[in-house]
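To keep things clear, I will list the structure first and then write my remarks on it.
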Amino acid sequence: MEHRSHPLNLCHVDPKLIAVNRAHMLIHGAALLILIHYRASFFFAEEASSPGQPTTLAWLIIFLGELTLSLTWLLYQAFRWRPVSRTAFPERLPGDGELPSIDVLVCTADPDKEPTVAVMNTVISAMALDYPPEKLHVYLSDDGSSLLTLHGMREAYDFARRWSPFCKRYGLKTRCPKAYFMDNEDVSASVGYESEKEEVKEKYELFEAHINGYRNRNYGESRDGRLDHPSTIEVIHGNSSDEVVQADQQQMPLLVYVSREKRPSYPHNFKAGALNVLLRVSGVISNSPYVLVLDCDMYCNDPSSARRAICFHLDPTLSPSLSFVQFPQSFHNISKNDIYDSKHRSPFGILWCGMDGLQGPLISGTGFYVKRESLYSKPMQEANLMDLKAIFGHSNEFIKHLHWSDKLNKNILSELGAVCRDTEHLASCHYENGTKWGQEVGFKYGSVTEDFFTSFALHCKGWKSVYCCPSRPQFLGASTTNLNDLLVQITRWSSGWAQVGFSRFSPPIYGPWRMSILQSMCYTELAFFPLYCLPLCCLATIPQICLFNGVPIYPEVSSSLFLVYCFVFLSSLSKHLYEVVVSGHSVRTFINEQRIWMIHSVTTYLYGSINAVLTKTGVRR
Ligand SMILES: O=c1ccn([C@@H]2O[C@H](COP(=O)(O)OP(=O)(O)O[C@H]3O[C@H](CO)[C@@H](O)[C@H](O)[C@H]3O)[C@@H](O)[C@H]2O)c(=O)[nH]1
Ligand SMILES: [Mn+2]
């Protein structure tokens with residue numbers, strides 16, 4: 001009863017929105033059927049010219065284009081079928097003693113492109129999450145294997161020992177120091193706040209100066225080693241001489257630096273490879289049942305995300321089948337007139353809410369709390385040792401930990417050297433040879449968008465996910481804001497999605513047997529929407545050529561079918577406009593989104609699709 005009257009979370013369904021969506025589906029769908037009938041009947045009409053005639057060819061191309069667009073529209077309706085939103089009540093969680101522990105996995109790859117001070121701000125913000133420090137363990141994967149990053153971690157640990165107690169003492173919301181000092185969030189009128197703030201600010205400036213000084217002194221640091229280096233794992237210890245820190249004696253979250261081995265002859269599988277190494281290393285050190293994944297450029301903007309996520313993970317009805325809780329990606333560098341749609345409004349504002357009402361949203365790369373067990377696939381209890389080794393590799397230590405959960409290796413701090421030596425082979429590049437890492441366990445290899453592929457695999461296995469979207473962004477990062485970077489990024493994503501679409505796990509074939517038809521429609525739409533490039537390229541050329549050559553391909557203005565064409569055009573635009581406005585955005589956003597969608601369709605989606613086809617056929621490696 002207690003649980004029913006005070007649930008840890010609520011799911012809200014908006015009947016009005018659902019009614020609008022479904023009514024629109026019906027009317028718009030009927031209009032599309034009329035148009036398809038109109039096109040199809042041309043080919044059966046007696047006066048139709050023979051195949052090969054320019055008119056027939058033009059009609060055929062336009063028909064195929066319109067059919068593809070109609071099919072994409074149909075798939076898209078799955079997102080509109082039952083959108084929901086959710087609220088979590090962290091204040092209703094049990095006491096700290098009963099909370100499960102959490103491992104935070106942060107990835108960084110290149111200290112030139114991802115400035116070390118910013119990466120450390122992300123690390124510090126994660127260490128300052130509102131969660132019992134003995135139950136929080138932060139791991140940073142450094143794919144660049146840079147001494148600067150390792151040095152930055154030591155500096156970050158020392159600064160965090162001053163910073164976290166300060167945040168907790170005054171209940172600060174912004175726990176990323178750089179953002180806090182920039183925003184000038186003044187929350188407390190307590191005595192001593194102002195002077196302590198000044199002191200901490202000084203420490204922060206010193207911390208920045210130390211890292212930048214180190215970088216300048218070692219500017220010549222060789223870059224050759226990035227693709228060729230052994231693994232390094234180090235548990236970071238404080239070395240602070242700060243008196244306040246010495247006196248405070250507050251417990252800090254465990255902080256671990258991990259740089260996996262890389263050799264030019266071994267594929268490193270990008271971020272998925274890095275995350276799998278972190279899963280193994282954290283699995284033998286802290287082995288928390290829940291894992292938060294963060295990109296190094298996305299800091300924790302609100303300390304309550306961990307407790308919010310745990311509200312879903314501890315919910316007795318959701319918990320057994322719940323794999324992950326995804327928070328939206330929000331960005332701090334978006335201008336008011338976001339001409340390139342850098343904030344990705346549609347996925348985070350519409351699509352993920354739609355999937356949340358089905359089986360759950362996708363992993364969005366960062367800002368999600370996943371249950372470790374769901375990434376390990378099979379139930380461990382029954383399997384024998386040889387089977388487990390064939391799946392997880394040869395580490396006895398790692399396999400031993402599969403059976404324990406939530407037990408921090410208490411000896412870690414005393415036996416630190418030995419543990420690190422032991423874990424180093426878990427981070428070696430041949431550890432995964434002959435195992436199921438990247439296929440059946442961990443993050444999936446085979447697509448540059450490991451997040452899309454991994455969530456598809458999880459949903460296929462019957463796991464669910466939820467989308468939590470509180471009004472204050474829980475995570476904030478930097479988005480791509482110039483056209484060049486954006487085009488490169490979306491080409492990469494399109495290629496990754498299409499890679500899954502063309503693989504043997506293709507959602508329309510592999511999905512419907514393993515998940516609901518609506519959920520697999522969502523995945524199909526996402527995997528194949530780079531193919532928008534085909535109808536868009538046709539429609540951007542054929543009608544114009546026909547017009548100049550006097551070939552009629554649309555009904556005459558006086559025909560009633562002309563009205564149906566107008567209706568379909570206006571109806572799809574007004575539905576888009578409605579969704580933009582209802583989500584609190586302006587007409588300008590609508591115009592920007594229309595424009596960038598067309599730009600993407602004939603550029604990035606096209607290149608991404610071509611790239612996926614070339615990779616599939618082996619022309620490109
Ligand atoms: O070999 C690599 C490559 C990347 N990364 C890290 O992965 C993260 C994402 O990479 P980035 O180059 O920033 O890609 P984006 O396109 O910005 O990332 C988006 O798209 C990716 C692929 O879908 C997701 O993994 C990300 O979470 C999502 O933010 C960053 O922290 C990188 O440091 C590695 O650790 N190792
Ligand atoms: Mn990024």
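One-based numbering, in listed order, for ligands and for the atoms of each. In what follows, residues are counted from 1 in the order of the sequence shown. Reckoned from all heavy atoms, side chains included, excluding hydrogens, waters and symmetry mates.
- Salt bridge annotation for R86-D356: present, with a cationic side-chain nitrogen under 4.0 angstrom from a carboxylate oxygen.
- The atom of D297 that is an N, O or S and sits closest to the Mn ion (ligand 2) is OD2.
- Residues E450 and K271 are paired through a salt bridge, judged by an N-O separation under 4.0 Å between the basic side chain and the carboxylate.
- Side-chain N/O atoms of S288 and H137 include a donor and acceptor closer than 3.5 Å.
- Under a cutoff of 6.0 Å and an axis angle of 45°, R492 and W497 do not form a cation-pi pair.
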Would you mind writing out a table of all protein N or O atoms found under 3.5 Å from any N or O atom of ligand 1, naming both atoms and giving the distance to 0.1 Å?
{"residue": "ligand 1", "atom": "1 (O)", "partner": "D143", "partner atom": "OD2", "Å": "3.4"}
{"residue": "ligand 1", "atom": "16 (O)", "partner": "Q489", "partner atom": "NE2", "Å": "3.0"}
{"residue": "ligand 1", "atom": "16 (O)", "partner": "R492", "partner atom": "NH2", "Å": "2.9"}
{"residue": "ligand 1", "atom": "16 (O)", "partner": "W493", "partner atom": "NE1", "Å": "3.3"}
{"residue": "ligand 1", "atom": "17 (O)", "partner": "Q489", "partner atom": "NE2", "Å": "3.3"}
{"residue": "ligand 1", "atom": "20 (O)", "partner": "W493", "partner atom": "NE1", "Å": "3.1"}
{"residue": "ligand 1", "atom": "23 (O)", "partner": "D451", "partner atom": "OD1", "Å": "3.0"}
{"residue": "ligand 1", "atom": "23 (O)", "partner": "D451", "partner atom": "OD2", "Å": "3.1"}
{"residue": "ligand 1", "atom": "25 (O)", "partner": "K271", "partner atom": "NZ", "Å": "2.9"}
{"residue": "ligand 1", "atom": "25 (O)", "partner": "E450", "partner atom": "OE2", "Å": "2.6"}
{"residue": "ligand 1", "atom": "27 (O)", "partner": "K271", "partner atom": "NZ", "Å": "2.8"}
{"residue": "ligand 1", "atom": "27 (O)", "partner": "D295", "partner atom": "OD1", "Å": "3.3"}
{"residue": "ligand 1", "atom": "27 (O)", "partner": "D295", "partner atom": "OD2", "Å": "2.8"}
{"residue": "ligand 1", "atom": "27 (O)", "partner": "G365", "partner atom": "O", "Å": "3.4"}
{"residue": "ligand 1", "atom": "29 (O)", "partner": "D295", "partner atom": "OD2", "Å": "2.8"}
{"residue": "ligand 1", "atom": "29 (O)", "partner": "Q329", "partner atom": "NE2", "Å": "3.4"}
{"residue": "ligand 1", "atom": "31 (O)", "partner": "C107", "partner atom": "O", "Å": "2.9"}
{"residue": "ligand 1", "atom": "31 (O)", "partner": "C296", "partner atom": "N", "Å": "3.2"}
{"residue": "ligand 1", "atom": "33 (O)", "partner": "C107", "partner atom": "O", "Å": "3.4"}
{"residue": "ligand 1", "atom": "33 (O)", "partner": "A109", "partner atom": "N", "Å": "3.2"}
{"residue": "ligand 1", "atom": "33 (O)", "partner": "E114", "partner atom": "OE1", "Å": "3.2"}
{"residue": "ligand 1", "atom": "33 (O)", "partner": "E114", "partner atom": "OE2", "Å": "2.8"}
{"residue": "ligand 1", "atom": "36 (N)", "partner": "D143", "partner atom": "OD2", "Å": "2.7"}

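- Between E261 and R263, at least one side-chain N (NZ, or NE/NH1/NH2) sits under 4.0 Å from a carboxylate O, which counts as a salt bridge.
- Cation-pi geometry between K444 and F453 is satisfied (NZ or CZ under 6.0 Å from the ring centre, within 45° of the ring normal).
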